[in-house]
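Here the structure comes first, spelled out in structure tokens, and everything after it is commentary.
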Amino acid sequence: MKRALLLAGLATSIFASQAIWVTFSPAASEVASRLGVSEAMVGLLAIVYPVFFLALTIPSGILLDRSFKLWLSIGVVLTGLGGLLRLAAPSSYWWLMACQLLGALGQPFLLNAFAPFASKLYPERRELMVSLLSFAMYLGVIYALGTGYYLYTHSGLLGLEAPIALVSAVGLALYLAGVPGVEVGGGGSSWSVSKALRAVAGARDLWLLGIVLGLGVALFDNMSIWLATALSRAGLESIAGPAVALALILGLGGVLVIPTPIARRSRRTAYIRAVTLAGIAVYTALALETTKLGVATLIPLLGLLMLPAYPIIMEWITTFHPREVHGSASGFIGLVSRIFTVALASLAVYFVSGPSRYFTFLATLSVAAFAVAMLLPGER
């Protein structure tokens, strides 16, 4: 029972963390006017999340390996406070920024906990646990982006902040109810920090997985940011938002049902390669002929296949790397992937002059991902 409460609390806190991240993005201009700041200042509320993740992903992974229960608890508490305390001054920009910083500090400890949580508390069902936590991660983003504008226009800032504050409080309460007395299998790592870092940095597969994940995340980040701009050159911008939203929704279903059979059949590498090939096919087809129907069907289909790659990669860590470095390995992959994601999101601005040029750019990224995937160990 305690273990189930801990899982429920962590999953709910992960949902809250991701919802805190992009709470204000769907109504950025309206929120900026209400708070009396520029749209760039509202954008900064979201930007602090990836900035803090890049800075803290390696340290948080190491700390999780040192004392998993302590640092995971700190991550959950920071997230809970970040969501809940907003209600103390819901219309103060600087108070909201302070709360955002709490959430940004907590996020790396939550996202890098997927692999160690699964291996320490549910070693017999690792792939399912990683899938459930990944589902919560994606769902938090989808909730915030999908409901944000409606909630703001109907209920103002409080309508945006109150539901997430409630979820944050529930996640914190469930976690705190479950954590006392729960034994974390294996305890803290007996490895020194230098030994753990050498083991992680020397693991060729972790470098490759980080690059593949970075290219994959970059593809979806690019579409979220630039797809409407690229399609507008052909008068198709109206389909961009629904296509990406449907891709995320179908991807959620894929996260729940795909990773477990793939892991049990040891087809992880084959799946990653197949997904990159699917990316090449989809983006090449759209580069050759961009139609509303093509965008509306092919991009959601790709989302169904691509999103499950994240939990498959996290489960890979739990299966093929020592338990003592699961947090560090997660943090390392996070660092490598985010570097690629940020760099490629910035580079995409040079390819949005038209849909054919843009989708050719995405197809090229998919080719690169496939080339890297071909270097992964085959029988895994």
Side-chain angles (χ1 to χ4, degrees), residues 7-28 42-54 56-57 60 72 75-86 96 99-114 117 129-149 151 160-172 174-175 213 216-217 220-221 223-225 244-245 247-249 251-256 303 306-311 313-314 330-331 334 337-338 341:
L7 171 62
L10 177 58
T12 305
S13 295
I14 290 169
F15 174 98
S17 174
Q18 299 305 94
I20 292 168
W21 171 25
V22 289
T23 299
F24 305 106
S25 298
V42 173
L44 188 61
L45 291 170
I47 290 171
V48 297
Y49 255 64
V51 169
F52 272 57
F53 188 89
L54 271 175
L56 297 176
T57 182
S60 65
L72 179 59
V76 171
V77 169
L78 288 171
T79 300
L81 292 176
L84 189 58
L85 290 179
R86 284 171 162 181
L96 294 177
C99 294
Q100 198 78 359
L101 292 175
L102 288 176
L105 282 169
Q107 187 203 36
F109 294 99
L110 300 187
L111 299 192
N112 287 332
F114 289 20
F117 180 88
M129 293 303 109
V130 171
S131 294
L132 289 175
L133 297 179
S134 300
F135 180 86
M137 177 183 72
Y138 289 127
L139 188 61
V141 175
I142 292 171
Y143 162 79
L145 294 180
T147 66
Y149 187 80
L151 289 174
L160 276 179
E161 298 164 17
I164 298 173
L166 176 61
V167 173
S168 301
V170 169
L172 180 58
L174 288 171
Y175 182 88
L213 181 62
V217 172
F220 262 90
D221 279 6
M223 288 192 294
S224 299
I225 298 169
V244 173
L248 291 170
I249 292 169
L252 276 181
V255 164
L256 285 180
M306 286 186 69
L307 265 63
Y310 183 84
I313 289 173
M314 292 297 106
S330 301
S337 67
R338 290 314 191 281
T341 300

Is [Y] close to [X] at the side-chain level, that is, under 4.5 Å between some pair of heavy atoms?
| X | Y | value |
| --- | --- | --- |
| Phe52 | Leu101 | yes |
| Tyr149 | Leu160 | no |
| Ile164 | Tyr143 | yes |
| Tyr175 | Leu72 | yes |
| Leu84 | Leu166 | no |
| Phe114 | Ser330 | no |
| Met137 | Phe15 | no |
| Thr57 | Arg338 | no |

I'd like to know if the side chain of Thr12 and the backbone of Gly171 have a donor-acceptor N/O pair within less than 3.5 Å.
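No; zero donor-acceptor contacts below 3.5 Å.
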Backbone N/O of Ser337 and side chain of Thr341: donor-acceptor pair under 3.5 Å: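 Present.
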What distance do [X] atom [atom1] and [Y] atom [atom2] have between them, rounded to the nearest 0.5 Å?
| X | Y | atom1 | atom2 | value |
| --- | --- | --- | --- | --- |
| Ile14 | Leu132 | CD1 | CG | 10.0 Å |
| Leu10 | Leu172 | CG | CG | 12.0 Å |
| Leu111 | Ser17 | CG | OG | 6.0 Å |
| Leu213 | Met314 | CG | CE | 6.0 Å |

Run the numbers on Leu45 and Val22 for side chain to side chain contact (heavy atoms under 4.5 Å, CB included), then give the verdict. CA-CA 8 Å; Leu45 291 170; Val22 289; over 6 Å; no
- Message: Pair Leu7, Leu133 - check side chain to side chain contact (heavy atoms under 4.5 Å, CB included), show working.
- Response: CA-CA 9 Å; Leu7 171 62; Leu133 297 179; 4.1 Å; yes
Check your understanding: Out of Ile249, Leu252, Leu248, which residue meets the side-chain contact (heavy atoms from CB on, under 4.5 Å) rule with Leu307?
Key ->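 One option only clears the test, and that one is Leu248.
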Indicate the atoms forming the closest heavy-atom contact of [X] with [Y], along with that distance.
| X | Y | answer |
| --- | --- | --- |
| Val48 | Ala104 | O-CB, 3.9 Å |
| Pro308 | Val255 | CG-N, 3.7 Å |
| Ala144 | Pro26 | O-CG, 3.4 Å |
| Leu145 | Ser25 | CD2-CB, 4.5 Å |
| Gly9 | Leu174 | CA-CB, 3.6 Å |
| Gly83 | Ser168 | CA-OG, 3.4 Å |

Discussion item. Applying the side chain to side chain donor-acceptor pair (under 3.5 Å) criterion to Thr23, which one of Glu161, Gln18, Arg86 satisfies it?
Written reply: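 Filter result, single survivor: Arg86.
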**OP:** Hey, can you tell me if Tyr49 and Trp21 have their rings parallel, tilted or perpendicular (30° and 60° cut-offs)?
**Re:**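 Ring orientation of Tyr49 relative to Trp21: parallel.
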